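Okay, structure first, notes after.
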There are 2 protein chains.
Amino acid sequence: MADTEMAEILYELEVGGHKLTPLRLALIEIFGRQQRPLLLEELGKLLMGTLIRVHRATLYRELVFLESRKIIATVSLEDGKRRYEFADRDHHHHLVCTSCKKIEDVELKDDEHGLDKLVKTQNDFLITHHSLEFFGLCGACK
Amino acid sequence: MADTEMAEILYELEVGGHKLTPLRLALIEIFGRQQRPLLLEELGKLLMGTLIRVHRATLYRELVFLESRKIIATVSLEDGKRRYEFADRDHHHHLVCTSCKKIEDVELKDDEHGLDKLVKTQNDFLITHHSLEFFGLCGACK
DNA sequence: TCTTCAAACGCGACACTGTCGCGTTAGTAA
DNA sequence: TTACTAACGCGACAGTGTCGCGTTTGAAGA
């Protein structure tokens with residue numbers, strides 16, 4: 001994450017009357033650095049790397065808060081477990097290795113434009129966004 | 001679901017030494033009839049329509065069993081809740097209404113062929129399948 | 001029809017997850 | 001330094017999913 005991006009986020013929080021607490025700063029830093037969706041469990045481990053210890057309820061509340069401010073977004077993959085990732089980024093998709101469970105971000109070639117238009121028109125449906133994940137084997141597991 | 005399809009499933013179960021219990025038959029019937037992913041909660045309500053009452057653990061075990069036999073598959077949408085749907089069907093995707101939460105199945109136009117090829121090749125990743133969901137507003141909610 | 005066997009089941013226990021209310025702490029501005 | 005309130009810790013709680021174990025029952029054979 002670029003420093004200016006970080007500064008923007010912090011500025012908006014301050015303007016909104018929100019405190020820059022150690023947990024909040026640490027989470028924004030972690031999400032900015034990790035370019036992949038994180039399980040709550042993984043988040044906990046990364047927090048252990050800092051000196052920050054918080055109650056379960058506090059962490060959940062903070063994630064709900066960060067999501068409400070569009071700083072992070074929730075992602076849902078095939079296993080049904082909720083994951084969180086940094087939100088202020090280009091539209092992208094995920095590659096999930098079915099063997100080692102590693103998740104990478106991936107961008108599509110230009111051809112993606114119009115993906116939403118592929119839907120058969122008989123469905124009287126106004127599409128606003130989509131979610132696309134690819135599953136398979138990563139380089140190490142092939 | 002076609003009757004022959006149903007007969008095939010039951011035959012394979014018998015050959016595998018598995019019993020055709022009331023719960024199992026009811027679930028296969030329900031999944032065959034409902035052409036959309038079902039929450040555990042919705043499944044419970046549909047079972048109430050039959051005279052079948054089972055313990056929570058039994059239902060979970062049965063779902064795991066049916067999934068292991070590829071009779072049903074789990075689906076995961078944006079809300080992180082696990083859903084189940086009949087598996088023996090053509091490859092398709094979902095339309096999720098963000099307002100009324102209704103979920104429809106949808107097929108793409110021919111252009112879909114090659115979706116897996118859109119992934120930028122620098123990712124040393126062997127793609128086996130993908131999952132694609134569209135979100136927006138259905139006809140009634142627009 | 002009766003017997004037999006293992007698949008399937010019910011039940012209770014358990015750990016885990018996510019949320020809530022409430023009293024306390026601490027970041028920020030004055 | 002003070003005051004305000006966002007954020008926090010804690011305990012309680014309901015919901016979810018799994019496990020072990022003793023019991024029941026579907027299905028095949030006597």
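By convention in this document, chain letters (A, B, ...) are assigned in the order of the sequence lines, proteins followed by strands, and residues within each chain are numbered from 1. These figures come from a predicted structure and were not determined experimentally.
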**Fill in**
In whole angstroms, the gap separating C1' of C:dA7 from CG of B:Leu23 amounts to 13 Å

**Message:** Regarding C:dG12, can its base be found pairing with the side chain of B:Arg56 as donor and acceptor, where the two atoms are less than 3.5 Å apart?
**Reply:** no

**Complete:** Looking only at D:dA6, D:dG9, C:dC9, the nucleotide nearest the A:Val54 side chain is D:dG9

**Request:** Mind calculating the distance between NE2 (B:His55) and P (D:dC21) to the nearest angstrom?
**Result:** 17 Å

**Prompt:** Should B:Glu104 and B:Lys102 count as an ion pair when the cut-off is N to O under 4.0 Å?
**Reply:** yes

**Prompt:** Starting at NZ of B:Lys19 and ending at P of D:dT24, how long is that distance when rounded to a whole Å?
**Reply:** 13 Å

**Asked** At under 4.0 Å between heavy atoms, what does A:Thr58 touch on the DNA or RNA strands: base, sugar-phosphate, or nothing?
**Response** base

**Request:** Take the protein atom CG of A:Leu10 and the nucleotide atom P of C:dG27, then report the distance between them rounded to whole Å.
**Result:** 15 Å

**Prompt:** When you measure from the side chain of B:Glu67 to the backbone N and O of B:Val64, does any donor-acceptor pair fall under 3.5 Å?
**Reply:** no

**Message:** Checking side-chain polar atoms at under 3.5 Å, does B:His94 have a donor or acceptor matched by the opposite partner on B:Arg36?
**Reply:** no

**Message:** In whole Å, I'd like the distance from the CD atom of A:Glu41 to the C1' atom of C:dA15.
**Reply:** 14 Å

**Request:** Calculate the interatomic distance between B:Glu14 atom CD and C:dA7 atom C1'; express it in whole Å.
**Result:** 14 Å

**Phosphate contact (C:dG18 OP1 or OP2) by A:Tyr60 side-chain N/O below 4.0 Å** = yes

**Prompt:** Does the base of C:dG21 carry an N or O that pairs as donor and acceptor with the side chain of A:Arg61 under 3.5 Å?
**Reply:** yes

**Prompt:** So, B:Glu12 and B:Lys70, do they make that salt bridge, N to O below 4.0 Å?
**Reply:** no

**Item:** Integer-rounded Å distance: D:dT16 P and A:Arg82 CZ
**Value:** 13 Å

**Distance in angstrom units between B:Leu40 CG and D:dT18 C1', rounded** = 13 Å

**Asked** Does a nitrogen or oxygen in the side chain of A:Thr21 sit under 4.0 Å from OP1 or OP2 of D:dC8?
**Response** yes

**Asked** Does A:Arg53 get its side chain close enough to the base of D:dG9, under 3.5 Å, for a donor-acceptor pair?
**Response** no

**Request:** Assign each of A:Leu20 and B:His18 to its nearest nucleotide of DNA chain C by heavy atoms, then name whichever residue's nucleotide is nearer the 5' end.
**Result:** B:His18

**Asked** From A:Glu29 CD over to A:Leu46 CG, what is the distance, rounded to the nearest 0.5 angstrom?
**Response** 10.5 Å

